[in-house]
Protein chains: 2
Amino acid sequence: MLRLSKLTDYAIVVLTYMAKNQDGLYSAIEIAKATGVAPPTVSKILKELLKAKVLISTRGAKGGYRLAKTAEKITVASVIGALEGPIALTECSVSNHNHSCEQVSGCEIGGVWGLINQTVFNALEAITLADMLVSVNRRSPQEINIPISSLYR
Amino acid sequence: MLRLSKLTDYAIVVLTYMAKNQDGLYSAIEIAKATGVAPPTVSKILKELLKAKVLISTRGAKGGYRLAKTAEKITVASVIGALEGPIALTECSVSNHNHSCEQVSGCEIGGVWGLINQTVFNALEAITLADMLVSVNRRSPQEINIPISSLYR
DNA sequence: CTATTTAGGACTATTCTAGTCCTCTTTATT
DNA sequence: AATAAAGAGGACTAGAATAGTCCTAAATAG
């Protein structure tokens, strides 16, 4: 199904909520209440997003999280990367630098997986949090072209 | 990590092997030997691809599998769809037609997941088995542009 | 000083995946 | 007609990954 983990799904929900007020400072509990996602889970997600520098945190009482950049600069690819590690559809394309693949003739097509990964990555990199908000408000996102040949440069 | 299952990975390996001789008739055992993937696993994959009409089978002695269409017409998206079901990054976008989402405010962004899914799907639909072969042979695939606005039509 | 809130992990139960195996059906060959 | 080769269709199991919870420590506002 080419599945994305639920945590990533929640992360987008959480970020979309936060992006409604770009400079707002939100506590984990506050976000949990607003989104309906369980508090410990929200907390876990926020920590991951913090580690990936998508968010900035303030500790202590009256602390919370805020977006580290504008919604236009937060891409879906970076959110996925934050929660699931580098985007790579197959094991091979991420780990085949040092050890060779165990398939006899399989990895001849390693280059192809690179192509597929890049294609998907570019698609996800082209969508930002801002687009998400825009979509919620029923307007059209900007035009983006992705020439496949560019992946080879 | 936006992972693709290993079975899908193997499926591409298997199909790429079969595409080298477009009209060839291959038995599961033969493919297993050539690719290094375990025979029962190859068999499982071939059955799935058959169900999805990517392959045609001939039963009985001297039987086997062959490609149902030319390599140019077999897209990566269809192969993924065959092994993992419809391409949908999140639960919501595939099942939200009848029951509403349990998140309080989450599914406002349902339309956005649709956008993301479509973008990824288009990217994968644009790559064919023929591109895989071409890539193995170190040539460039054709130029393809994917305007995001088209996803809204 | 105390309440609040993040930081950083450890931990567990459940779900999913990969992989195997078994039985049945079909067909070519002799 | 008998036999061997091959696919069809599931059932099943072990292991891995995921989702989700919880606990303790550290920081800060008031």
Side-chain angles (χ1 to χ4, degrees), chain A residues 1-11 13-14 18 24-33 35-66 68 80 82-85 88-91 94 102-103 106, chain B residues 1-11 13-14 18 24-33 35-66 68 80 82-85 88-92 102-103 106:
Chain A
M1 213 222 290
L2 190 64
R3 212 182 74 266
L4 218 51
S5 79
K6 280 191 184 176
L7 291 189
T8 306
D9 192 356
Y10 295 157
V13 171
V14 166
M18 294 177 78
L25 184 66
Y26 304 91
S27 72
I29 293 173
E30 189 181 348
I31 293 172
K33 276 182 188 157
T35 60
V37 179
T41 303
V42 168
S43 183
K44 184 176 190 174
I45 292 166
L46 292 170
K47 287 174 201 167
E48 299 286 344
L49 291 172
L50 177 72
K51 225 186 293 175
K53 300 187 177 164
V54 173
L55 299 178
I56 291 173
S57 68
T58 309
R59 295 173 74 159
K62 302 274 176 183
Y65 296 89
R66 80 177 72 235
I80 294 175
L83 281 122
E84 318 197 16
L89 301 184
T90 60
E91 296 291 327
V94 77
E102 69 274 5
Q103 304 310 333
Chain B
M1 212 221 291
L2 191 62
R3 213 183 73 265
L4 218 51
S5 79
K6 281 191 183 179
L7 290 190
T8 305
D9 193 354
Y10 295 157
V13 171
V14 165
M18 294 178 77
L25 185 66
Y26 303 92
S27 72
I29 293 174
E30 189 182 348
I31 293 172
K33 278 182 187 158
T35 59
V37 179
T41 303
V42 168
S43 183
K44 185 177 188 172
I45 292 166
L46 292 171
K47 286 173 202 168
E48 298 286 345
L49 291 172
L50 177 72
K51 224 187 293 177
K53 300 190 177 163
V54 172
L55 299 179
I56 291 173
S57 68
T58 310
R59 295 174 74 155
K62 301 272 176 184
Y65 295 89
R66 78 177 73 235
I80 294 174
L83 281 122
E84 317 197 17
L89 301 184
T90 59
E91 296 291 327
C92 244
E102 67 275 4
Q103 303 310 333

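Within every chain, numbering begins at 1; the chains are lettered A, B, ... in the order of the sequence lines, protein sequences first and strands thereafter.
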Comparing A:K51 and A:G63 on DNA chain C - which has the more 5′ nearest nucleotide: A:G63
If we ignore hydrogens and angles and just use 3.5 Å, is the side chain of B:E84 paired with the main-chain N or O of B:S5 as donor and acceptor? yes
Winner on side-chain proximity to A:R59, out of C:dA18, C:dT6, D:dA19, is C:dT6
Which part of the nucleic acid, if any, lies within contact of B:L46, taking any heavy atom under 4.0 Å across all strands shown: a base, the sugar-phosphate backbone alone, or nothing? nothing
Within the structure shown, what part of the strands sits under 4.0 Å from B:I29 by heavy-atom distance: base, sugar-phosphate, or nothing? nothing
Phosphate OP1/OP2 of D:dA19: any A:Y10 side-chain N/O under 4.0 Å: no
Under-4.0 Å side-chain N/O to phosphate OP1/OP2 contact, A:Y65 with C:dA7: yes
Out of C:dT20, C:dT5, D:dG9, minimum distance to the side chain of A:S27 belongs to C:dT5
What contact category does B:K47 fall into here, base, sugar-phosphate, or nothing, at under 4.0 angstrom with non-hydrogen atoms? base
B:I45 backbone acceptor or donor facing B:E48 side chain under 3.5 Å: no
Less than 4.0 angstrom between a side-chain N/O of B:T58 and OP1 or OP2 of C:dT27, yes or no? no
For B:L83 versus B:A11, what's the shortest heavy-atom pair and its separation? CD1-CB, 3.2 Å
Report yes if a side-chain nitrogen or oxygen of A:S43 is closer than 4.0 Å to either non-bridging phosphate oxygen (OP1 or OP2) of C:dT6; otherwise report no. no
